[in-house]
Every structure is written in structure tokens, then in C-alpha cells.
2 protein chains.
Amino acid sequence: MGPKRQPTLDEVAARAGVSRSAASRVINNARHVSQAKRDAVARAVVELGFVPNPTARALATQQVGAVVLALSHHDPALFTDPFFAQIILGVNAELEKTELELLLVLANSTQGQARLQRILKSRRADGVMLMALHGDDPLAALADQHDIPVVFGGRPLHAEPRWYVDADNRGGSRLATEHLIGLGRRHIAVITGQMDTDAGASRHRGYLDAMAVAGLDPSRVEHGEFTEAGGAAAMTRLLAAYPEVDAVVAGSDAIAAGSLRALKAHGRTVPGDVAVVGFDDLLTALHTDPQLTTVHQPVHGLGREMAKMLLSLIAGEEPHPLILPTRLVHRASA
Amino acid sequence: MGPKRQPTLDEVAARAGVSRSAASRVINNARHVSQAKRDAVARAVVELGFVPNPTARALATQQVGAVVLALSHHDPALFTDPFFAQIILGVNAELEKTELELLLVLANSTQGQARLQRILKSRRADGVMLMALHGDDPLAALADQHDIPVVFGGRPLHAEPRWYVDADNRGGSRLATEHLIGLGRRHIAVITGQMDTDAGASRHRGYLDAMAVAGLDPSRVEHGEFTEAGGAAAMTRLLAAYPEVDAVVAGSDAIAAGSLRALKAHGRTVPGDVAVVGFDDLLTALHTDPQLTTVHQPVHGLGREMAKMLLSLIAGEEPHPLILPTRLVHRASA
DNA sequence: AGGGTTATTGGAAGCGCTCCCGGGCCCTAC
DNA sequence: GTAGGGCCCGGGAGCGCTTCCAATAACCCT
């Protein structure tokens, strides 16, 4: 292995022939240092390969230099959804511009919850991004209990957090439904995700909005999980209960993919017999057959905006909640 | 917001009427404390809601209480592969048993590389897990330069790191090829992933092994990326160059999914005209049509074992490199 | 030339914790 | 009766950095 110990600021100062305070000022690019000392210190830093110890710095400044991204979900497998990967990528893109590190906390289990609690109480991070909260999620309340900035990704069901970024779920879903109506479909069903989720409930509401305006019957509804399996099962139930359906608004691309499979299994053609539109516009939407007409939400951007908002919060600013627009992407399934 | 400041150990000690040292001993469950003081401190801890400050503790003990998982890849989009999600899930499962936090570093860009460097030099973590190294990846050399445990997930191309965990890529691929041979196929092609990757090269080698034993022509080969698009393109080239192929060994499930798509586009049936076997056995393998016969590698376990190995390294032990077994999963495509 | 700023500078006091050490204490063995 | 050996216990010295402060030094204006 390499060098046994990193040089300390004292050693740098000694080598440069200045006081530790002066060296510190140079490192932090602060004022009140002569150019001569500045150069001397800079040289010593290079020669010694000095890198400031973040722990010591954190202790002195009371700033950790890290933020946490906490993903809360009851089912660990859900994390496999590329949706989360995109979120992480977005967050990371924004964080890369800074010196902040990313702490990942999977808060599904009670284990994970306790861990997040600890992180908050012990100030192990300068801020928190919290995602995917179910209605009863105890994490939602955590935000207020500690003196640490928290931004939500998506809204919890029965609370309006002070800071959040979300996609326009309701508007997007309404768009999708209107598109189906415009296509001449009249027996339009909806397969929602979990209704104890704001995304699930809001997307359902968007469907109701459009159906109401068009004066159509909005009662053909099935609930399921945000998964392919959930979608397939829901579609099968739908077909049994309402054989007349000629279109379905799916709560997510995964759900849509599942319905496609179930539809094919029951001998219905898409979009001939039944038109399907999804929600998310992840890569999955391109890999179905036929390719999915779907509502695009800027997932990567969602991650980025969460990070941005957290950064501005940490900087002491007062950002406003943000709702990102969604739009319909026309492909083959509707 | 909540309480402005967390109580310190001194305050706990004062309230319990003991010295700070004694309080510390109780917190760390060390010996040489009377039961009476133990109780007094415990009570004070609860009353004050004390949680030790990890930063201060880290500074004193020289142990950060965090490890990093670094994912290196040239293309950020690759991170979307559920493979990584599974790795993370596995790592997290093991870490949840400890007090260690997970630092996620996406080291694709030079930005990310520099960041990882900094983390290593400044000892921002107690250990590192490094994944997905291409042949020329500068990260591979990093391990030796710093006095910090590093375990590799998969092997870099031209180096045998001291500690790594990998799947039996060569053996698995050989199994897949043998299966195809057993099926009576004789014009078996291979679509590899990037050959500057150990996984890519090893899986190709497994194919060569089996073909050599059977005395078959192993020259039908195309290279691509570990993606669906790469697989589709490679399959198309394959079909043009060797129209007689009756089977293909794919370097991954994504590649296999791509070939399936290309095969269908060219009017070949699967497994009738061409049998296909994948590698990974992720959820994707279930969502293709037909479902994929594929080599299962324990991705979640890979993550878990990486974490385990790192933990044991941190504990001062000397674990051995680990190669996890792979096995063939029979489904419809071969 | 003199009073008042404004730049530099190093000393020293923390940040909140761990842990070494030496001093009591009590108990046992001779 | 006393010399050892545990056990407790608190004092205090760090861990490596930032930052306040008082002390100089350099500079401006009238």
C-alpha cells in the first residue's frame, strides 16, 4: 500500500514557513494573506500532496460536506425500477458541480428508517432528499423534527411539504386521457398504481378530470402496484369486469407493459382493439411491442432539481416548490 | 424546525453527574463503569435525546464510519441497467447490519474520477468497493496508492487485484454453449460485450472452450456493447455475415433481448430457427418474448459478498478472493 | 506629520469525541 | 498486616482543522 499517513496542515505550514492559520487561509482561499505566503503554501501543498481532512474540517465548520438521498419503499425490488437510477443520475449530475458527497439510504426496512433517523439527529449530512413516500410513511414527519433541510421528491399523500419537486402527474394523466378520447375511444379504463401514493392518486385524478369534461363514464378502474406484474393482473381483472374496454390509461410504463402482455394473452390487439398509454417514458417504453405511447416526465430533471433545491436551501436561500411539466409522447400503442 | 442543537456528551455527563470519560465509556459499552453510573448515563441519554456526533467520533478514532461504492463506466446511461440496482441492494443489505453508511460515487466522468481520488486521499471512507472497470481504467491502479482497503467487483482486464469478488463468467458461458450444442445446434455464434472488459472477454472464452471441445467452428463472433441496442445491431451484422447461424450465445440479457428483436425483424423464429441464450438472469429475461434461457449470476449476492469482504478487510482480516458460481436457467429461447 | 483605516500575521481557543494515565479503592493472598 | 492486584474514576491530551482576536505593519487622507 501507499503512504501510511497523509500530511497535516501543520506540516504544510511548517514547510512553507508560515503559521497554521495562514496556511488554512490559503487553502480556503480566504483574504488577508500576502502573495508571497500564498505561493509558499501552494508549493508546500503540492510537494507534500496535502489534502485537507474532511472530518476535521467538518468538525470545525459544523458542515459535513455530504447530503443524503433516501429512497423509501416497502418493496426492495421496486428499487430495481430504472426510475430510481435516473433520479440518482440526476442528483449526481448536480452534485458533481460541488464538493458534496452523496449518501445513499434505502429506507425500506425499519432498519433503514432507524438509520435515517440517526443520520438526521447526528447531523451526518447537511441535507436530505426524500423520495417515494407512501401515505403513512413515518419519514414524512421527520422533516420537521430536525434542524436540517429536507426536500421531497414527489409529495407525500396528505401533506404539503415546505420544499418539494414533483412532476405534473395530474396534468399528464389528463393529457393522456384526452388523447384517447380524441382518438374516439369511449370505454376508457384506468389502471392506477398504489393509491396511497400521491403519484397514484394524482394520476387517477387526471383521468377523472378528462373523463368528466368529456362526459364519459369514469368507473372502469383497477388498482395495482407500479410493476409489470401488477399491471398484468389488473388488466386481466379489467377485461373480466369490463370486456367492452377500448382504451386504458396506465399508471406507469411498467403497468402499461404488464397490460400489454395481458391484452395479448387474451387475444386483444393493441392499439386496434384496445389503445394503451403509459406514464414515465423510461427506456421500457421503447422495449414493449408495440412501443408505448406514454406521458413523459423528466425523471433525470427531477433528480437534478431536487439536488439544486437542496443546495440552495443549504446556501440559506428560500427556494419555491417546483412542479415539472409532463408531455405526451406519441408512439404506437395509442 | 426542531431543536436547534443536539446535546453533547459533556451535557450528558453533567446531567448524569459523572465525568465525560465515564459517559463515553457507557456510550461505547466499555468496561470499568459501575452499574449505577451506567444507569445514570443511560437515563441522561434518553432524557436529552443524545446521539453521538459521528464527525467528532471519526476525528478521534480515525474511522469514518462509511464506505464507498464506486461505479465506473464510460456511459452514464449504463447505470440504468438493473444490474447496478441489484448490486446496490446487495451491498446495502450487508451494510444494514452495521453502522456504516454508503457513499455512492458514479465515476464515469473525469469529474467523478477526481472525486474518488480525493475521497481516497482524504480518507473520507474506511473502504472502497470498485465496480465495472474497463481495461484501461485508471481507477484500477488507485487501489495500491492509498492505505485503504479496496475490493473489486469483477476483475479489471489485465490485473489480478488482491481482493475481488466475481461471477464465474467463463464457466457460465461455457455451460450456455454446451447447452446449445446439446440441443444439436452446430452453427453457434457469439455476441460479446465490450472486449476491454473482463466479463466480456471471459464470457467469450467460455464459448471458445465449449466450441473447442465439441470441435465446432468458433469464428462466428460479433462485438457490441452490453445494451439492447448493441445486441440488436450485432445480431443484424451476424445475420448478414453468417446467414446459417442456428444459435447465439449472448454476452448479457440486454444483448440477448436486442438479438431477439433483430431476429424477429429478420423473420427468424426463436427458438425454431435460432436458439438464444443470455447471461445475467435479471428481470429483463422474463420480459422478453420468448422468455430467455440464460445463465444466472447471483448479482445481489455479488453485492453482498463485496460488502462482506470489505467489512472483513476493515476488521483487519485477510479474506480470499471469491468467485461465485453461475448456472443455466432453462426457459423458452433455447 | 499625525490620526485613522485597512492588510497581515500568529497565538490560541475551540468543534465533540476517545482514550491513555495515574490515583483511589477494595479484596485477596501471603 | 501489608503488598500486590484487580476494578473504578476523572483529568487531560489529543484528532486536524477553522476562526476569533489582539498585535503589528502598511497605507491613506488632510
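Throughout, protein chains are lettered first and strands after them, A, B, ... in sequence-line order, and every chain is numbered starting at 1.
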Notebook entry, point to check: In terms of side-chain heavy atoms of A:R25, which of D:dC17, C:dT9, D:dG16 is nearest?
Noted result: C:dT9
Next item on the list: Taking only the side-chain heavy atoms of A:L59 (C-beta and beyond), determine which of D:dC17, C:dG16, D:dA13 contains the nearest atom.
Entry: C:dG16
Next item on the list: With the side chain of A:S34 defined as its heavy atoms from C-beta on, choose the nearest nucleotide among C:dA13, D:dC8, C:dT9.
Entry: C:dT9
Margin query: Using heavy-atom distances to pick each residue's nearest nucleotide on DNA chain D, tell me which of A:A56 and B:H32 is more 5'.
Written below: B:H32
Note to self: If you only use heavy atoms from C-beta on, which nucleotide in C:dC17, D:dC15, D:dT19 is closest to the side chain of A:T61?
What the structure shows: D:dT19
Notebook entry, point to check: Any side-chain heavy atom of B:Q297 sitting closer than 4.5 Å to one from B:F83?
Noted result: yes
Checklist line | For atom CZ of B:R124 and atom P of D:dC17, their distance in whole Å | finding: 14 Å
Check: Rounded to whole angstroms, how far apart are CD on B:Q6 and C1' on C:dC17?
Finding: 15 Å
Margin query: Please determine whether a side-chain nitrogen or oxygen atom of B:S24 lies at a distance below 4.0 Å from atom OP1 or OP2 of C:dT18.
Written below: yes
Check: Between A:E101 and B:R118, is there a side-chain N and carboxylate O pair less than 4.0 Å apart?
Finding: yes
Item checked: C:dG16 OP1/OP2 closer than 4.0 Å to side-chain N/O of B:T8 -> no
Item checked: Sugar-phosphate only, base, or nothing, as touched by A:R31 at under 4.0 Å among non-hydrogen atoms -> nothing
Checklist line | Distance in angstrom units between B:K121 NZ and D:dG16 C1', rounded | finding: 17 Å
Note to self: Nearest 0.5 angstrom please: B:H320 NE2 to B:R162 CZ, how far?
What the structure shows: 10.0 Å
Item checked: B:N53 CG - C:dC17 P separation (whole Å) -> 6 Å
Checklist line | Between D:dT18 (C1') and A:I27 (CD1): distance, integer Å | finding: 12 Å
Check: Of the nucleotides D:dG12, D:dC17, C:dG10, which one has an atom closest to the side chain of A:V18?
Finding: C:dG10
Check: Once you round it to whole Å, what is the distance between P of C:dG16 and CD of B:Q63?
Finding: 22 Å
Notebook entry, point to check: Are A:Q62 and C:dG16 close enough that a side-chain N or O sits under 4.0 Å from OP1 or OP2?
Noted result: yes
Next item on the list: Round to the nearest Å and state the distance from A:R38 atom CZ to C:dT8 atom C1'.
Entry: 11 Å
Checklist line | Ion pair check, B:E96 and A:R115, cut-off under 4.0 Å | finding: no
Notebook entry, point to check: Donor-acceptor pair, A:S24 side chain versus A:R20 backbone, under 3.5 Å?
Noted result: no
Notebook entry, point to check: Over how many whole Å does the gap from B:R20 atom CZ to D:dG11 atom P extend?
Noted result: 9 Å
Next item on the list: Return no unless some side-chain N or O of B:N28 is found under 4.0 Å from OP1 or OP2 of C:dT18.
Entry: yes
Note to self: Measuring to OP1 and OP2 of D:dT19, would you say a side-chain N or O of A:S21 lies under 4.0 angstrom away?
What the structure shows: no
